[in-house]
Amino acid sequence: MKLQEIIKEENLVYKRTPLMTDNVLSYCPGCGHGTAHRIVMEVIEEMGVQDDTIGIAPVGCSVLAYDFMNIDMVQAAHGRAPAVATGIKRTWPDKFVFTYQGDGDLAAIGTAETIHACNRGENITIIFINNGIYGMTGGQMAPTTIEGMKTSTSPYGRDLQLMGNPLKITELVAQLPGTYFVARHSVHNPAAVRKTKRAVQKAFQIQKERKGLAFIEIVSNCNSGWKLPPVKANQWMVENMFPFFPPGDIKVDGELVKKE
Amino acid sequence: MGELKLMKGNEAIAEAAIREGVDAYFGYPITPQSEVLEYLMAEQPEKRTGMVVLQAESELAAINMVYGAAAVGKKVLTTSSSPGISLYQEGISYIAGAELPCVIANVVRGGPGLGTIQPSQADYFQTVKGGGHGDYKLFTLAPSSVQEMADFVSLGFEIAFKYRTPVMILSDGMIGQMMEKVELKEQKPRWTDEEIKKMHDKWATIGKTPDRERNIITSLNLDSAIQEKHNHKLQAKFRKMEAEEVRYELFNTDDAEYLMVAYGSSARIAQKSIALARAKGIKVGLLRPITLFPFPEKPLADLTPQLKGILSVELSAGQMIEDVKLAVQCKVRVEHYGRFGGMIHSPEEVLTAFEQTFIGK
Ligand SMILES: Cc1ncc(C[n+]2csc(CCOP(=O)(O)OP(=O)(O)O)c2C)c(N)n1
Ligand code: SF4
């Protein structure tokens, strides 16, 4: 069989979504941000709502998400994306509105905006990239840095006595009456990518049905900040982050998932 | 003639916003401006016009809700008072940098810190010298009556959308709390989504349709050469405001040998002081800046040749006086008088200060 005979519409198994621009990603090789961007854009394309979707980029490595996502985007001040999303969604409820935020943005400086947008049940989607570190500023400790983890501001490892505990903000927002769907996934292998995509699909569907806020955490890597090559970074993530941040659904249809 | 009502300044802003067809108000309670949010919540404008009103969890959230609603081409208003306005500063800088239209009112109270809840004009520097970071100017309107509290809502949005810039209504606890007769405008319809699309689709992030490139609202340019170009564009806008948007009022200046310069509530007090001075045969006039940025530099400079002295009357330790001095370029003596920290000078106190300073009694 010749190559030309194989390149046919019916044989297509994967194509790049036109909702990703041609710009070269500014992320480090192996970083999870690019995959997470693609998943969100694929879902929006498949739902056919790109003409009515507004994304909010945070402050963090994904501040330039608007260079890569081919939809209308607003760049928010550090931590304030849920407030910006509220301003848009409240005045234009027919639009699909999502925020895309890192852990420093969402769970440190923006904790109040996160909790109150979730608690009000704003009908938006929050995509939360938890890489346990401040990537953009060069690898400082984040609210999600786990015990013992080394960063540039916890050079001997996170000392809980000195630096306080890592924050499970996702479990926290799941407790709030305004959240309808809360889940934690990852993007480090194809199976995980598929699960994340299904969760993101569900999140936007919930927004379409005006059921409340959907919150998807993506546990991700930061090879540059962690100072590990991409494959090792993913291994480290599975072995060290997953026990503290276990993947899976946390709240479904407005009900907390019971852990047996 | 529009409907006449007896209202507080804060209520007048709220009612004027509904009638202006404002799409959204976001705010957080703080004295002496909480009546704005209270009035709006009681009035239920969502039933009258569809206007959204939301009490935010903080001023940080409120100003960023404003940023969001402004990014989608909506008319959005917020109000606060000094400590809250300090928290707005990062957001105002972003709004100016991203070139978004909105109207913000500061019903100023005495500071620094938690200060006092009484009236003050000590936020002049913060407002017109750039309270947030970066090279930007905040278009500032200073109302001196309840009528102007109402009127400047419409004027503020006109300027905000004309220049795609944040506009500040710099009021104070006296104008916000006092009751006066106010003539209210007829109800304007809110812009429809189609109208917004028609007017603002070039820049507003209202959804990328296949016929255009995506719109991006951002203040970030990592390439400094581009950031410098963007700054030049902003500066050109500010220069245009200086050339075309200066507003002020003159009282008794034709034969004046002395001048008081005062805005807002201080201008009301100074007007009375001038009447007292005129009764004594002293030829004093008043220049009341209505726009603080752009400052009425030229009218002030034009008056200078006939003057022996200028008194800048402010409810502060002397802030606007710097702009008065810049305008007259040392050609005439300029002094300051004002009570501050929440204290309000009386017309007699102003007159005494004036006489001691310039007449020598
Ligand atoms: C008000 C403010 N404070 C601090 C910063 C500096 N800053 C930029 S990005 C960042 C951390 C972002 O980390 P995170 O949200 O975890 O995202 P990541 O870069 O890891 O994707 C900080 C502190 C800023 N831009 N604004
Ligand atoms: S610094 Fe970390 S989070 Fe940022 S792009 Fe590189 S790997 Fe990704």
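Being a predicted model, the structure only gives us computed values, none of them experimental.
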Per-residue contact mode, [X] against chain B (heavy atom under 4.5 angstrom):
X	answer
A:I71	backbone
A:E113	both
A:V59	side chain
A:I115	neither

(request) Name the option with the most non-hydrogen atom pairs under 4.5 Å to chain A; the candidates are B:D23, B:L222, B:V72. (result)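 The residue among B:D23, B:L222, B:V72 with the greatest pair count is B:V72.
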(request) Count the heavy-atom pairs under 4.5 Å between each of B:V52, B:L220, B:I196, B:I206 and chain A, then report the option with the highest count. (result)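 With the most close heavy-atom pairs to chain A, the winner is B:I206.
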(message) Around atom NZ of B:K229, are there more than 12 heavy atoms from other residues, nucleotides or ligands closer than 6.0 Å?
(response)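 Open: at most 12 neighbouring heavy atoms sit under 6.0 Å from NZ of B:K229.
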(request) Tell me, with the steps shown, if B:M41 and B:V53 meet side-chain contact (heavy atoms from CB on, under 4.5 Å). (result) CA-CA 7 Å; B:M41 285 298 187; B:V53 185; 4.0 Å; yes
(request) Tabulate, in ascending numerical order, the residues of residues 60-71 of chain B having at least one heavy atom closer than 4.5 Å to a heavy atom of chain A, or enter 'none'. (result)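 Contacts with chain A: B:L60, B:A61, B:N64, B:M65, B:Y67, B:G68, B:A69, B:A71.
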(message) Tell me if the centroids of the rings in A:F68 and A:Y27 come within less than 6.0 Å of each other.
(response)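 Ring centroids of A:F68 and A:Y27 are less than 6.0 Å from each other.
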(message) I want to check something: taking the side chain as every heavy atom from C-beta on, are A:V182 and A:E217 in contact at a cut-off of under 4.5 Å?
(response)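 When only atoms from C-beta onward are counted, A:E217 and A:V182 do not touch, as no gap falls below 4.5 Å.
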(message) Between A:N123 (side chain only) and A:G212 (backbone N and O only), is there a donor and an acceptor less than 3.5 Å apart?
(response)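 Side chain of A:N123 to backbone of A:G212, a donor-acceptor pair under 3.5 Å: yes, one is there.
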(message) Between the side chains of A:R38 and A:E42, is the shortest nitrogen-to-carboxylate-oxygen separation below 4.0 Å, so that they form an ion pair?
(response)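 Yes, A:E42 and A:R38 are salt-bridged.
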(message) A cation-pi test, strictly: NZ or CZ of B:K74 under 6.0 Å from the centre of the six-membered ring of B:W191 and no more than 45 degrees from its axis. Yes or no?
(response)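 Output no; distance or angle outside limits.
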(request) Validate the cation-pi geometry between A:K202 and A:F181: distance from NZ or CZ to the six-membered ring centre under 6.0 Å, angle to the ring axis within 45°. (result)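 Yes, a cation-pi geometry.
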(request) Any chance you could measure B:I85, atom CD1, to B:Q126, atom CD, to the nearest 0.5 Å? (result)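 CD of B:Q126 is found 7.0 Å from CD1 of B:I85.
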(message) Does any backbone or side-chain atom of B:A98 lie under 4.5 Å from a heavy atom of chain A? Answer side chain, backbone, both or neither.
(response)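 Neither part.
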